[in-house]
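When a ligand or atom number is given, it counts from 1 through the structure's own listing order.
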Amino acid sequence: MGTSKDAVPRAILCFLFLLGLGCKCLASELEATQTVTLAVDASPQLAQKIPDTLFGIFFEEINHAGAGGIWAELVSNRGFEAGGLHTPSNIDPWSIIGDDSSIYVETDRTSCFSRNIIALRMEVLCDNCPTGGVGIYNPGFWGMNIEDGKAYNLVMYVKSPEATDLTVSLTSSDGLQNLASATITVSGESNWTKVEQKLVAKGTNRTSRLQITANKKVVVWFDQVSLMPEDTYKGHGFRTELISMILDLKPRFLRFPGGCFVEGEWLRNAFRWRESIGPWEERPGHFGDVWHYWTDDGLGYYEFLQLAEDLDAEPIWVFNNGVSHNDEVDTAAITPFVKDVLDSIEFARGSANSTWGSVRAAMGHPEPFPVKYVAIGNEDCGKKFYRGNYLKFYNAIRQAYPDIQMISNCDGSSTPLDHPADLYDFHVYTDSKTLFNMKSTFDRTSRSGPKAFVSEYAVWRGDAGRGSLLASLAEAAFLTGLEKNSDIVYMASYAPLFVNNNDQTWNPDAIVFNSWQHYGTPSYWMQTLFRESSGAMLHPTTISSSYSGSLAASAITWQDSENSFLRVKVINFGSDAVTLTISTSGLQASINALGSTATVLTSANVMDENSFSNPTKVVPVKSDLSNAAGEMQVTLAPHSFSSFDLALAQSKLVAEM
Ligand code: AHR
């Protein structure tokens, strides 16, 4: 900011013209810096504990967030099931190497897996095949990221009446660069054989493909072809660098797997937990008709529970309650669906000896997953059979698992719910001004009744682009309102979390990735400044200024393993700079300049976004705060989010404990 070169002459002119009229124009022309006082009352008697659960994440299978995203499987349509049950079927994205004089492939229903019966029959027609052979290839999800020196585990099922050699290789997208290859000898027999082969890359290519080729006449069937990087998060199949982005948010809960993904446009295409567990080879996969793509369901119900455990986050299982976007199960016929959901809870929580707990144990997790929250449907409150179905699920779960907290789809923030619930869902996607002003929405909510789960919030459309600073500022202001109302707002999560940039169905999102790159949008970085809030103590703040309509603030005390901090967060949503005086009272410890920091999220233009070419254009910048004291002055840039961590003197805190 500062004073621009022509500002002084302009000001003098304005002054001379308008002095006699008592005009305030001088002030408005020059007052690019506002003076504001923020008082923080840190008296223990006014402090309010923020729930440990307040900030978490919502993971939906949308934008290829899971398949082709955090789930590290590199083969897409690994069981040839995506084309449907009617054969011949489309094998996309598989394709052939060779032409119709040298190779013929078609799907048939000869798989050894009864739940996913489609297999691929490949007939090689040439004996003097072209150099490199003919066969099939899979490009994965817009190309596989194959990296020099890394190992990739290929598993596939093959059947061939005659013995033959197959070459499996990882190559560039045109097949010309060979990154790894191995020969697999298939002994001629009529049964299916499981083949396992490790491939170690001798080069890097971000858009590679998996090839399976032969050099002479033969008929071979393939099914369930999987290529997994050896290096996944905790060996659990998750893409490490994307998980580390989540870990940096310190999420206290994981809501999964949707969203609309749970509902489906039609019930026949909704997520079915039972079809997504057990050995991966036996999962049928399904077409998610809301977000329009096939998933092999390698990332299934079990893996979501495992992910929650790996993140040390509470799992929140959102299940379908017999309602999709376009069809519904009549409450009179809902009982089997209720039983299905009870089975899903037994799968998670039952002992290893129970019917469904034993399936979980066989998958490698004898200890139960501690599911304490379930959401009965998603965004279905207004639907014809929602309430009727809801009550059937609610009563059955309450009886079987009295401790499980149940989440209703009906918004109880302005009117009381007409049915029992422990929590209710609150979703908001809106423009930046509206969300900024919604920081006081829950001020008006009744303090009795179920608590709010703001399970989806974001600024979207014009103000957000593909993830603008502007959106993140409004969202940050909204979150300060949730902190202040955390006596009745129990949980909150941004949505959607991930987007593969090859399938940007929903914009904006928190984390953008492709096969090998990723970055956080400003909305992602904004959330990192709230990660210490869950479980912290909240203190009242008062802003004194005529500019307060453009500001939002909150204050917490929190501790890391060594130190305690008073964190003051201030969002300057307006276009003026602010000289801010932070005055504190009631603190039980003195503030140390040493160890105090300021972290600021801002940019030259409020619509600035990050991108693969400039992933750190809008990221928080941390600096030391040398003037930290009982009362201190800082400058807030226009359109900025600042977080001041004031280090509290340990000796005093300890002495007073
Ligand atoms: O977050 C994207 C979608 O928005 C979710 O699937 C749905 O719950 C909401 O409408």
Between ligand 1 and the protein, tabulate every N or O atom pair separated by less than 3.5 Å, reporting distance only.
from: ligand 1; atom 1: 1 (O); to: Tyr429; atom 2: OH; distance (Å): 2.7
from: ligand 1; atom 1: 1 (O); to: Glu456; atom 2: OE1; distance (Å): 3.4
from: ligand 1; atom 1: 4 (O); to: Tyr429; atom 2: OH; distance (Å): 3.3
from: ligand 1; atom 1: 4 (O); to: Glu456; atom 2: OE1; distance (Å): 3.2
from: ligand 1; atom 1: 6 (O); to: Glu60; atom 2: OE1; distance (Å): 2.5
from: ligand 1; atom 1: 6 (O); to: Glu60; atom 2: OE2; distance (Å): 3.1
from: ligand 1; atom 1: 6 (O); to: Cys260; atom 2: N; distance (Å): 2.8
from: ligand 1; atom 1: 8 (O); to: Asn378; atom 2: OD1; distance (Å): 3.4
from: ligand 1; atom 1: 8 (O); to: Asn378; atom 2: ND2; distance (Å): 3.0
from: ligand 1; atom 1: 8 (O); to: Glu379; atom 2: OE2; distance (Å): 3.4
from: ligand 1; atom 1: 8 (O); to: Glu456; atom 2: OE1; distance (Å): 3.1
from: ligand 1; atom 1: 8 (O); to: Glu456; atom 2: OE2; distance (Å): 2.7
from: ligand 1; atom 1: 10 (O); to: Glu379; atom 2: OE1; distance (Å): 2.8
from: ligand 1; atom 1: 10 (O); to: Glu379; atom 2: OE2; distance (Å): 3.1

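Partners of Cys260 according to the disulfide (SG to SG under 2.5 Å) rule, which considers only residues two or more places apart in sequence or in another chain, do not exist here.
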Working for side-chain hydrogen bond (donor to acceptor under 3.5 Å, both in side chains), residues Ser226 and Glu73 = CA-CA 7 Å; Ser226 165; Glu73 172 63 68; 2.6 Å; yes
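Across Tyr301, Trp317, Phe59, a single residue satisfies side-chain contact (heavy atoms from CB on, under 4.5 Å) together with Pro257, and that is Trp317.
In the model, Asn409 has no side-chain atom that pairs as donor or acceptor with a side-chain atom of Asn378 under 3.5 Å.
Using a 4.0 Å cut-off between charged side-chain N and carboxylate O, Asp422 and Lys372 make no salt bridge.
The neighbour count for Asp312 CG, taken as heavy atoms of other residues, nucleotides or ligands under 6.0 Å away, does not exceed 12.
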